[in-house]
Amino acid sequence: MLRTHTCGELRPLQAGEQVTLTGWLNRRRDFGTLIFIDLRDRYGITQVVVDSTTSPEAHAVLAEARSEYVLKIVGMVRVRPEDGRNTNLPTGEIEVVAQQAEILNPSKQPPLYIAKEGNEDEALRLKYRYLDLRRARMQRNIILRHQTIKFIRDWMSARGFLEIETPMLMASTPEGARDYLVPSRLHPGEFYALPQSPQQLKQLLMVAGFDKYFQIARCMRDEDLRADRQPEFTQLDIEMSFVEQEDVLQLVEPLMTELVAAIVPQKHVLSPFPRLTYYEAMERFGSDKPDLRYGLELVNVGEIVSESQFVVFTQALANGGQVKAIRVPGCGNYTRKQLDELSEVARTGGAKAAATLSIEAAGVKGSIAKFFTPEQTAALVETLGGEPGDLLVFVADNKDAVAGGLDKLRREFARRLNLADPDLLAFAWVVDFPMFELNHETGVWDAQHHPFCMVNPADVEKLNRNELEGVRAAAYDLVCNGYELASGSVRIHDRAIQQRIFDRLPYTPGEIQRRFGHMLEAFEYGAPPHAGIAPGIDRVLALFCDEDNIREVIAFPKTQRAEDLMMHSPSPATEKQLRELHLDVKVEA
RNA sequence: GGCCUCGUGGUGUAGCGGUCUAACAUGCCACCCUGUCACGGUGGAGAUCGUGGGUUCAAAUCCCAUCGAGGUCGCCA
């Protein structure tokens with residue numbers, strides 16, 4: 001070892017000891033004959049002091065040292081003078097008086113300041129990710145990530161779950177996200193697919209009798225990126241046999257609660273986790289992943305405004321749409337410009353516009369106020385619980401647009417008004433997802449989930465009658481603060497039912513046999529009832545770390561165009577590689 | 001694929017038709033300084049304003065295209 005201690009561990013207890021520290025030069029303060037250096041490693045920062053009158057050689061070395069030089073310091077631990085303590089540092093009561101100093105490696109001027117949070121273009125951070133990762137924030141996030149995954153492994157193991165690895169080179173599955181493909185050298189013209197999730201394999205592990213399975217599983221999907229979506233991401237993949245939906249929820253809820261307590265004790269959760277049906281979530285929040293840290297709930301005012309003179313509202317209702325509103329406290333004084341911006345926000349959620357009424361002591365004001373009778377106005381204010389000074393924001397449109405528009409507005413107001421407690425992790429279960437959703441373009445009911453998801457037993461009759469609209473899936477999501485953190489379901493374990501679901505897919509019987517024949521066959525050999533779920537680790541960590549984008553909790557993430565700016569991937573293959581893989585590349589003009 | 005935001009010394013910002021021979025902060029270099037911890041002081045170097053066209057007597061500034069980053073809709077069973 002080149003060092004005896006780390007930069008985070010020395011205390012007055014070690015005063016008088018000779019120690020050797022190594023680390024990066026975080027900051028220096030040069031007084032000529034006296035130089036202070038903050039030496040940094042991932043454990044902390046320790047102040048080194050060198051005096052030219054007592055250690056001229058060490059002083060000469062450290063006079064040369066600059067930011068991010070890698071140093072080795074041999075010196076004596078000394079309690080700092082009373083007025084020289086630094087209460088901001090855990091090591092702030094001591095300093096190391098350098099006797100010898102060595103530059104293990106110099107550094108060019110780095111393109112990022114390591115010692116201070118900057119506001120750099122993210123492309124620069126990604127290009128020099130190894131420097132970005134030196135910074136305190138990223139070190140904290142990456143360490144928290146390790147602790148989280150370690151906690152999960154221990155917790156699941158203690159409850160009898162086995163971590164079982166599944167292959168990265170898999171077969172392409174036809175539905176779902178776009179696959180990442182890997183060409184086969186031994187099988188010209190054939191490809192592996194990287195897993196979108198180990199879904200089929202974990203179900204086959206249930207058939208194999210590994211009744212409690214988990215895996216910290218990497219998943220890849222070749223879809224467009226978002227703040228909470230990377231081309232590869234990590235899931236806690238879970239599957240259990242001989243259980244029902246309730247058993248899965250009763251496993252994950254304490255896992256999350258105890259994880260929060262262990263890893264981010266400054267944060268708190270709602271206990272027990274609230275449960276909402278999908279229908280309820282959409283009605284009250286306009287979202288299947290509502291942020292429950294604040295109110296601003298959606299209120300249906302269709303009945304009140306149906307007789308009004310406001311054609312936009314009555315027309316929307318006549319077309320089978322909805323009129324809903326939220327009450328925003330204290331925003332009644334919005335200017336015309338601010339009110340216009342709200343329509344812009346509503347548009348990002350798919351609605352055409354937002355209308356508003358300001359509540360004043362004397363009555364309501366706003367461009368649409370004239371369309372309502374005094375009775376209608378009073379009913380609106382009362383139904384929404386409006387107080388003077390409040391702003392009522394309405395969206396009238398088809399059901400989806402109303403939900404989307406008000407969801408966006410709700411989030412925007414919560415942000416502006418600072419309504420969300422940053423230390424609250426408002427976990428909640430959303431249950432009873434619909435089994436099918438209407439494709440507005442084709443008018444056909446499509447399966448909303450993967451084809452292994454069981455129908456809610458209470459709705460089997462409906463399904464048999466082919467009344468698809470109200471059929472619920474035995475599917476559930478864990479949501480938190482506006483993010484979908486996990487999605488799961490009870491699976492089909494009956495060959496006949498599974499066959500019927502597959503038959504609904506737009507594939508020929510031959511294709512279904514080729515793609516899913518192994519699943520159908522496995523179900524003929526004693527498949528146990530089973531269910532599972534898969535929390536997204538990256539999103540959990542983003543919430544733990546107060547980051548609003550998962551790149552900040554991934555060591556080496558990719559850009560929105562799915563590139564790695566440091567390693568330069570993707571990149572062209574050589575002629576030789578292509579030849580071996582039997583590939584001919586044609587780049588479109 | 002659509003829409004929106006951003007791109008100016010190493011880094012972050014200002015400047016938004018002429019006063020720009022581009023400003024400020026920080027970092028960097030040199031010198032001074034024995035108790036700092038965002039040390040302080042003095043001096044200095046460092047940018048053809050992402051790229052390419054165009055408009056104009058004149059472009060960092062206006063227009064078009066393009067490249068790059070981010071956000072979002074579509075997409076993500």
Side-chain angles (χ1 to χ4, degrees), chain A residues 26-39 45-54 59 63 66-68 78 80-89 91-92 95 97 107-128 131-132 173-179 196-197 199-200 219-231 233 344-345 347-351 401 404-405 408 411 433 435-437 440-441 446-453 473 475 484 487 489 501-502 504-506 536 548-549 551 557-561 563 565:
Chain A
N26 197 54
R27 274 204 173 95
R28 48 181 268 128
R29 295 172 291 279
D30 187 344
F31 291 80
T33 53
L34 195 66
I35 301 173
F36 294 96
I37 278 173
D38 291 336
L39 199 64
I45 287 176
T46 298
Q47 175 167 283
V48 174
V49 59
V50 66
D51 187 331
S52 65
T53 60
T54 55
H59 182 274
R66 294 292 182 270
S67 285
E68 300 311 312
R78 181 168 76 189
R80 296 202 203 177
E82 197 71 46
D83 57 352
R85 310 251 162 101
N86 184 343
T87 52
N88 296 322
L89 289 180
T91 62
E95 62 194 355
V97 185
S107 170
K108 296 206 294 186
Q109 179 178 359
L112 308 165
Y113 303 123
I114 312 300
K116 199 173 68 179
E117 275 294 306
N119 187 29
E120 303 85 4
D121 190 317
E122 207 179 326
L124 190 74
R125 294 177 55 204
L126 291 174
K127 180 177 179 189
Y128 295 99
L131 296 179
D132 189 37
T173 47
E175 83 305 341
R178 199 176 290 115
D179 282 316
Q196 296 178 22
S197 87
Q199 181 62 37
Q200 292 186 39
C219 305
M220 290 78 162
R221 297 179 187 175
D222 187 4
E223 294 293 345
D224 285 356
L225 278 57
R226 289 288 185 282
D228 60 353
R229 275 165 31 192
Q230 280 276 303
F233 58 98
E344 199 50 52
V345 174
R347 268 191 281 282
T348 65
K408 290 284 185 185
R411 290 168 187 253
F433 275 79
M435 190 87 177
F436 305 98
E437 64 185 343
H440 290 289
E441 283 175 21
D446 291 337
Q448 194 169 15
H449 291 267
H450 56 63
F452 309 105
C453 178
E484 176 196 313
S487 196
S489 62
I501 298 294
F502 283 155
R504 293 187 53 85
L505 296 177
D548 52 19
N549 116 35
R551 292 187 299 276
K558 291 183 175 56
T559 66
Q560 196 165 56
R561 299 187 61 227
E563 286 181 79
L565 298 180

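Side-chain atoms are counted along with the backbone in the values below, which use heavy atoms only and exclude waters and symmetry mates. Every chain is numbered from 1, with letters handed out A, B, ... down the list of sequences. As the structure is a prediction and not an experimental result, all values here were calculated from the model.
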- Under 4.0 Å protein heavy-atom contact, by nucleotide of nucleotides 67-72 of chain B - B base, S sugar-phosphate only: -SSBBB
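- At a threshold of 4.5 Å between non-hydrogen side-chain atoms, the residues A:Arg28 and A:Ile35 count as touching.
- The side chain to side chain contact (heavy atoms under 4.5 Å, CB included) check on A:Arg85 picks up A:Val79, A:Arg80, A:Glu82, A:Glu93, with sequence neighbours excluded.
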Measure all distances between protein nitrogen or oxygen atoms and nitrogen or oxygen atoms of nucleotides 34-43 of chain B, and list the pairs falling under 3.5 Å.
| unit_1 | atom_1 | unit_2 | atom_2 | d |
| --- | --- | --- | --- | --- |
| B:U34 | OP2 | A:Phe31 | O | 3.2 |
| B:U34 | OP2 | A:Thr33 | OG1 | 3.1 |
| B:U34 | N3 | A:Asp51 | OD2 | 3.3 |
| B:U34 | O4 | A:Thr53 | OG1 | 3.1 |
| B:G35 | O6 | A:Arg78 | NH2 | 2.6 |
| B:G35 | N1 | A:Glu95 | OE2 | 2.9 |
| B:G35 | N2 | A:Glu95 | OE1 | 2.6 |
| B:G35 | N2 | A:Glu95 | OE2 | 3.1 |
| B:U36 | O2' | A:Arg29 | NE | 3.4 |
| B:U36 | O2 | A:Arg29 | NE | 2.6 |
| B:U36 | O2 | A:Arg29 | NH2 | 3.3 |
| B:U36 | O2 | A:Gln47 | OE1 | 3.3 |
| B:U36 | N3 | A:Gln47 | OE1 | 2.8 |
| B:U36 | N3 | A:Gln47 | NE2 | 3.1 |
| B:U36 | O4 | A:Gln47 | NE2 | 2.9 |
| B:U36 | O4 | A:Arg80 | NH1 | 3.2 |
| B:U36 | O4 | A:Gly84 | O | 3.3 |
| B:C37 | O4' | A:Arg29 | NE | 3.0 |
| B:C37 | O2 | A:Gln47 | OE1 | 3.4 |
| B:C37 | O2 | A:Asn86 | ND2 | 3.0 |
| B:C37 | N3 | A:Arg80 | NH1 | 2.8 |
| B:C37 | N4 | A:Gly84 | O | 2.5 |
| B:C39 | OP2 | A:Arg29 | NH1 | 3.2 |
| B:C39 | N4 | A:Asp30 | O | 2.4 |

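- Note on A:Arg561 versus A:Glu563: salt bridge recorded, some NZ/NE/NH1/NH2 to OD/OE distance being below 4.0 Å.
- Atom OG in A:Ser487 sits 6.5 Å away from atom CZ in A:Phe433 (nearest 0.5 Å).
- Look at A:Asp38 and A:Arg29 and you find a salt bridge, because one of the NZ, NE, NH1 or NH2 atoms lies within 4.0 Å of a carboxylate O, short of that distance.
- Both distances falling under 3.5 Å, in either a Watson-Crick or a G-U wobble arrangement, place B:G68 opposite B:C6.
- Using a 4.0 Å heavy-atom distance criterion, A:Leu124 is classed as a sugar-phosphate-only contact.
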- Could you go step by step and tell me if A:Glu122 and A:Arg125 meet the salt bridge (charged side-chain N to carboxylate O under 4.0 Å, His left out) rule? CA-CA 5 Å; A:Glu122 207 179 326; A:Arg125 294 177 55 204; 5.0 Å; no
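- Here the nucleotide nearest the side chain of A:Glu223, chosen from B:C75, B:G74, B:A77, is B:C75.
- Using a 4.0 Å heavy-atom distance criterion, A:Glu120 is classed as a sugar-phosphate-only contact.
- Of the nucleotides present, B:G54 is the one that pairs with B:C62 by Watson-Crick or G-U wobble criteria, both distances under 3.5 Å.
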